[in-house]
Amino acid sequence: MKVLYPGSFDPVTNGHLDIILRAAKRFEEVVVCVAVNNSKNYLFSMDERIEMLEKVLYDYDNVKVVQHEGLIIDYVEENSIDAILRGIRAISDYESELQFAQMNKFYSKTNVETIFMVAEPEMSYLSSSIVKEIASHKKDVSRLVPDFVAKKIENKYL
Ligand code: ADP
């Protein structure tokens, strides 16, 4: 089964990595899709977000990183994706994830399914936004993201 894990990854966190690596053990292929969401302002450019993901996922042969500018469902249908994978941290994620899953199904010619994996409890407080917030106050985030990502964020807030 080939699953698509879409997100902003601005930047990738240990929470995203936990989901990706657990999925890589269970599915034949995991396609990590860096998406453009017009309602978001990003700290990192598309190229930077891709580069960080590629670096950290280099050793995993069944994980690939792609970028996509349109609707996720279009990528799914054009690239023979079997299911969309999303992570759920808390009940607060549920509402928006449900909407995303329903809309993808609604617009899918193949009735695409969304598979949810729950965050490990110690990752459930972790989001790209909170990492950026902490780093912007010059606090160390190296326990929340890979080391080289921590350095990149620190440089943004110099
Ligand atoms: P988006 O902008 O689409 O929410 P994100 O990069 O924030 O993209 O997240 C991508 C996916 O990863 C979402 O399904 C999100 O719920 C999930 N996710 C984010 N952080 C974590 C975490 N700490 N543990 C598990 N899943 C997570």
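Counting from 1, the numbers follow the sequence of the chain as shown.
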query: Residues two or more places apart in sequence or in another chain: which of them pass ring-ring contact (aromatic ring centres under 6.0 Å, His included) with F27?
result: none

statement: Interatomic distance, CG@L57 vs CG@L17, rounded to 0.5 Å, equals 6.0 Å

query: Is it true that atom NZ of K138 has more than 12 heavy atoms of other residues, nucleotides or ligands lying nearer than 6.0 Å?
result: yes

- request: Give a yes or no on whether a salt bridge exists between D10 and K132, defined as a side-chain N under 4.0 angstrom from a carboxylate O.
  value: yes

message: More than 12 heavy atoms of other residues, nucleotides or ligands under 6.0 Å from OH of Y107: yes or no?
response: no

- request: Flag yes if V149 and L144 sit in one hydrophobic cluster, no otherwise; membership is Ile, Leu, Val, Met, Phe, Trp, Tyr, and two members link when side-chain heavy atoms are under 4.5 Å apart.
  value: yes

- request: Following the transitive rule for hydrophobic clusters with a side-chain heavy-atom cut-off under 4.5 Å over Ile, Leu, Val, Met, Phe, Trp and Tyr, establish whether I81 and F9 coincide in one cluster.
  value: no

message: Let me confirm one number: the CZ-CD distance from R49 to Q67, rounded to the nearest 0.5 Å.
response: 9.0 Å

query: Can we say R22 and D18 salt-bridge, meaning some charged N sits less than 4.0 Å from an Asp/Glu carboxylate O?
result: yes

message: Counting neighbours of NZ on K55 that are heavy atoms of other residues, nucleotides or ligands and sit closer than 6.0 Å, is the number greater than 12?
response: no

query: Between R89 and E97, is a salt bridge (charged side-chain N to carboxylate O under 4.0 Å, His left out) present by the stated rule, with each step listed?
result: CA-CA 11 Å; R89 286 161 288 194; E97 289 299 335; over 6 Å; no

field: Flag for S8-K40: side-chain donor and acceptor within less than 3.5 Å
entry: yes

query: Should we count CD of E122 as having more than 12 external heavy atoms under 6.0 Å?
result: yes

- prompt: Who are the side-chain contact (heavy atoms from CB on, under 4.5 Å) partners of E54, not counting sequence neighbours?
  reply: I50, V65

